[in-house]
Amino acid sequence: MNRKVAMAVRDESCSDCKMCQYASVICQTGNGPDNATIMVVGKVPNSDKYQELVDEALGEVGIDSSLCFYTAAIKCRSWETEPGKTDVKTCAKYLHAEIELIKPKWILAFGNEALQALTGNSGIMKYRGRVIEREGYSIIPTLSPASIQRNPGQRQGWLADLRFFAAQVYDRTSTVSKPKVAVIDTADQLKRLNQRLKGAKLLSYDIETFGDAEYVQGARIVSLAGTLIDKDDRLFTFALPLGHPGSPFRTSWRKALKVIQKNMEAIPKLIAHNGKFDARWLRYHGMSNIGLTFDTMLAAHLLDENRQKGLKPQGTSRLGVEPWGIDTKNLLLTPINEVLKYNALDTYYTYHIYLQMRQELIDQPKLLRIFQNITMPSCRVLIKSEADGVWVDRERLATNTKIAFEMVAEQERKLDKWMPVPPHPDNHHCILCKSGEHIVAEDWPRMAKGRGKHADINFNPSTWSRWWLFDHLQLPVLERGKDKEDGSDGLPSMKEAVMMELKQFHEVPAVMLERTRWKMMCQYFTSYADNLDDRDHIHTTFKLAGTVTGRLSSGKEDEEKFSGRVDPKGVNIQQVPRDPFVRGLFGAPEDYWFVEADFSQIELRVVAFIARERRMMHLYQTGQDIHLATASSVLGVPSNSVTKDDRKKAKAVNFGFVYGMGWNKFILTAFEKYEMVFTEQEARAVRKAYFEQFPDLLPWHARQRRLVHRYKRVQSPIGRIRRLPDIDSPDKAVRGEAERQAINSPIQSFASDMTQLSMVMIDKKFREMGIDGNVIGTVHDASLFQIKKKDVAQALPLIKNTMENLPLDRLFGVQIDLPIVVDIKVGKHWGDATELSADQVYDWDEGILTNG
DNA sequence: ACCTAAGGCGCG
DNA sequence: AAAGCGCGCCTTAGGT
């Protein structure tokens with residue numbers, strides 16, 4: 001401890017918070033030189049081990065650790081109890097006294113508690129890497145060394161924050177200077193901008209928008225900015241005000257876009273950060289053919305899927321520039337000049353980030369091939385898919401919604417029979433109670449926040465429901481959630497498997513289960529209705545950088561893309577229930593067929609291929625079904641009497657064991673999903689039998705473990721990389737997780753890349769052959785299309801042949817030596833009972849339509 | 001009137 | 001010896 005500081009600040013008799021009861025040293029103040037300009041604030045006084053870790057990291061970014069003053073948000077350290085928010089608040093006075101005394105210029109805040117003590121704000125993930133200005137000093141928060149220790153995967157991002165901190169402290173200016181921005185605010189300048197765009201070699205572009213989605217009422221493009229290289233190789237940054245109230249083009253912004261449209265679209269290299277968003281908006285508002293050749297967000301993800309992929313974190317860590325941006329609730333109320341400056345800076349930094357990433361990709365040819373052949377083409381196809389959306393049967397939606405709500409109501413009516421009578425308000429004299437007609441539930445639960453008001457009846461998994469089931473109706477608590485922070489028991493579980501068990505004790509759980517089923521339908525239907533546009537289509541946003549394996553994810557646009565309060569539109573097309581009652585709402589509009597092309601058992605085929613599993617490969621080469629084989633050999637069902645249900649169970653067994661499931665979890669899932677009871681002995685035997693059936697699987701698991709321990713990463717056959725820094729975690733469970741991820745990732749990645757590649761190729765062939773068909777999207781191992789009826793005979797074999805014979809050898813040098821099989825379904829609706837099979841529509845041998 | 005975390009479940 | 005993987009959305013609890 002620094003004695004001078006301790007003398008002035010420390011209070012050894014402090015008992016203001018609970019921490020002092022357990023601490024061996026009370027009110028331990030900081031340590032370091034009196035004249036330090038850098039103060040480092042942790043959660044509790046540091047142990048030597050963490051001090052070492054911090055010293056090393058600070059050294060790595062060029063900060064001399066011995067010149068820093070080290071202190072903590074909580075001055076009493078104890079392993080017995082964890083400080084809460086109030087403790088942090090109480091203790092903060094000592095920290096602020098230390099700041100008064102040392103007068104640092106810079107404060108590095110490690111972790112949420114330090115952030116809270118220093119600023120009063122919580123949310124370290126939100127505030128990390130920002131500069132928070134205070135009178136006389138600046139605070140930069142980042143993650144705590146303890147969390148880095150637990151989770152080494154975060155180390156890269158953490159070091160980037162530290163590097164940024166060092167850059168601020170030593171005023172190291174970035175090599176990237178700030179651009180001169182040409183503001184285009186007259187018709188004449190717009191003309192000149194158009195001349196500059198003509199023949200330009202490269203353009204990095206970005207727009208600011210207003211509205212929940214490009215297609216909603218009142219949506220507009222607020223401004224457009226760009227950094228370009230013109231035909232004479234001059235770098236030029238501009239900002240064009242559009243729909244902003246302070247813009248000269250506020251009423252004619254679409255016309256202004258029209259002026260530059262042709263020249264902008266003709267630029268051969270178009271660069272943006274998450275450009276799918278911008279391209280979609282521009283398309284919608286008149287720039288119908290805007291391209292995208294290099295997306296820095298997608299490149300960032302390919303280069304390191306674990307790092308933050310946003311423009312700001314990429315900019316500050318790659319370029320060493322100050323964080324930039326505007327903090328605003330409403331872009332339209334922000335002065336136009338600020339909007340333009342920010343908008344332009346985005347494009348300028350995007351350009352510089354692009355230069356770096358381009359080189360990094362060139363240095364890693366496999367990644368470059370993925371980027372060029374899959375990532376960017378896929379992104380361009382999805383711009384159209386997202387813009388088009390998927391057709392929804394509006395009438396069917398209305399009918400089914402009505403049914404679902406009615407069914408919920410019906411179940412709730414059934415529950416009436418067991419409803420307790422709520423207690424009356426205090427001092428209420430009830431005649432029915434006195435006469436014994438009311439048996440009031442006196443222990444009716446009260447709301448935590450409504451100052452003791454009685455809770456409303458709520459059949460969802462709520463406090464009220466739990467009271468009703470487990471207190472009032474006296475059902476047994478079979479399972480609880482995890483313990484709360486204060487150590488008390490978790491809430492009684494109301495999950496499906498538990499409710500299924502409870503059916504044997506009472507009639508209520510069965511009704512509740514039925515209600516839940518319909519309630520869920522209602523949720524989906526409400527969301528769909530909410531997202532229906534005026535063409536009866538709903539839209540989704542596919543994220544190409546949303547998963548660590550390279551799969552696409554689907555849902556709403558990221559809220560960060562917008563300023564202020566928004567309710568982004570979009571539904572997740574990848575989690576539409578398979579129930580035809582829901583899936584059958586989606587389909588193709590008049591004169592089109594809805595087509596779904598599925599890779600059959602693609603993940604298992606990829607497992608067979610990557611693991612070189614001889615028996616699996618043989619089964620596929622001889623046209624057999626692995627799930628069926630597993631059902632008969634592992635579950636002991638004769639192969640000729642395997643039912644659909646057996647096969648379903650076998651499927652779960654296959655995926656579970658292939659990806660490293662143990663017998664323990666097997667018992668659990670078998671029971672919870674299929675109500676099959678296995679003893680420990682039986683479960684062990686099943687697992688053993690499984691791996692005897694496929695003897696090359698365990699050696700492959702071992703190989704993946706070796707690889708990830710050695711290289712800290714694994715690769716898919718075409719070279720997509722999953723970095724797994726957690727493999728070095730001191731925590732065994734975390735290491736185990738990384739090992740299983742090393743097994744799963746190449747499989748999931750490769751299967752997903754096959755789907756994306758097929759989507760890209762089919763879209764291309766549709767255009768080349770003039771087929772009126774569009775890609776609607778992908779669902780991991782399936783692609784969805786809508787195809788004009790007259791073109792479907794031509795399209796179906798094309799889809800099937802393309803998917804079954806992907807040019808993986810030509811593009812990536814990978815030869816698949818087992819058959820890939822694609823199933824195609826065609827119909828008016830997706831997943832409908834009336835759906836036609838491909839063979840009914842198209843005779844593959846004859847090449848003619850036979851039905852439909 | 002907001003925000004976050006956890007539980008639970010939809011999909012592959 | 002023990003260990004499925006990958007997502008997004010909705011709801012509630014509990015906090016400011």
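All chains are named by letter (A, B, ...) in the order of the sequence lines, taking the proteins before the strands, and each is independently numbered beginning at 1. Basis for what follows: all heavy atoms, side chains included, without hydrogens, waters or symmetry-related copies.
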Does OP1 or OP2 of [N] have a side-chain N or O of [X] closer than 4.0 Å?
| X | N | value |
| --- | --- | --- |
| A/Arg687 | C/dA3 | no |
| A/Lys519 | C/dC10 | no |
| A/Ser493 | B/dG8 | yes |
| A/Asn572 | B/dG10 | no |
| A/Thr547 | C/dC7 | no |
| A/Asn458 | C/dT12 | yes |

From the list A/Asp625, A/Asp823, A/Asn654, side-chain hydrogen bond (donor to acceptor under 3.5 Å, both in side chains) with A/Gln601 holds only for A/Asp625

Go through [options] for me and flag the one nearest to the [X] side chain.
| X | options | answer |
| --- | --- | --- |
| A/Val779 | B/dG12, C/dG6, C/dG8 | B/dG12 |
| A/Asn460 | C/dT11, C/dC5, B/dG10 | C/dT11 |
| A/Gln575 | C/dG4, C/dC5, C/dC9 | C/dC9 |
| A/Asn744 | C/dT11, C/dG4, C/dA3 | C/dG4 |
| A/Lys543 | C/dC10, C/dG8, C/dG6 | C/dG8 |
| A/Lys482 | B/dG12, C/dC7, B/dG7 | B/dG7 |
| A/Gln741 | C/dC5, C/dG4, C/dA13 | C/dC5 |
| A/Lys495 | C/dC9, B/dC9, C/dT11 | B/dC9 |
| A/Met661 | C/dC10, C/dG4, C/dA13 | C/dG4 |

Starting at the 5' end of DNA chain C, which residue's closest nucleotide do you reach first, A/Gln748 or A/Lys732? A/Lys732

For the residue pair [X] and [Y], establish whether any side-chain heavy-atom pair is separated by less than 4.5 Å.
| X | Y | answer |
| --- | --- | --- |
| A/Trp468 | A/Val508 | yes |
| A/Phe525 | A/Val582 | yes |
| A/Phe671 | A/Glu501 | yes |
| A/Glu603 | A/Gln748 | yes |

Measure [atom1]/[X] against [atom2]/[N] and give the value in whole Å, please.
| X | N | atom1 | atom2 | answer |
| --- | --- | --- | --- | --- |
| A/Phe655 | C/dA3 | CZ | C1' | 18 Å |
| A/Asp558 | C/dC9 | CG | P | 9 Å |
| A/Met521 | C/dC10 | CE | P | 16 Å |
| A/Gln116 | B/dC3 | CD | C1' | 13 Å |
| A/Arg720 | C/dG6 | CZ | P | 15 Å |
| A/Arg515 | B/dC9 | CZ | C1' | 15 Å |
| A/Phe542 | B/dG12 | CZ | P | 14 Å |
| A/Met512 | B/dG8 | CE | P | 13 Å |

Heavy atoms under 4.0 Å, any strand shown: does [X] hit a base, just sugar-phosphate, or nothing?
| X | value |
| --- | --- |
| A/Val576 | sugar-phosphate |
| A/Ser745 | nothing |
| A/Arg722 | sugar-phosphate |
| A/Ser554 | sugar-phosphate |
| A/Arg466 | nothing |
| A/Phe666 | nothing |
| A/Val548 | sugar-phosphate |
| A/Gly660 | base |
| A/Glu496 | sugar-phosphate |

Name the orientation class of the two ring planes belonging to A/Trp467 and A/Trp444 (parallel below 30°, tilted from 30 to 60°, perpendicular beyond 60°). tilted

Aromatic rings A/Phe655 and A/Tyr659: how do their planes relate, parallel, tilted or perpendicular, breaks at 30° and 60°? parallel

For the pair A/Glu479 (side chain) and A/Ser493 (backbone), establish whether a donor and an acceptor sit closer than 3.5 Å, ignoring hydrogens and angles. no

Any donor-acceptor N/O pair, A/Ser465 side chain to A/Asn458 backbone, under 3.5 Å: yes

Where does DNA chain C form stems of at least three consecutive Watson-Crick or G-U wobble pairs, each pair having both distances below 3.5 Å? B:1-12 with C:5-16

What do the steps show when you test A/Glu675 against A/Lys503 for salt bridge (charged side-chain N to carboxylate O under 4.0 Å, His left out), and what is the final call? CA-CA 13 Å; A/Glu675 288 176 300; A/Lys503 281 201 287 192; over 6 Å; no

For the side chain of [X] and the base of [N], is some donor closer than 3.5 Å to an acceptor across the two?
| X | N | value |
| --- | --- | --- |
| A/Arg705 | C/dA3 | yes |
| A/Arg740 | C/dG4 | no |
| A/Arg551 | B/dG12 | yes |

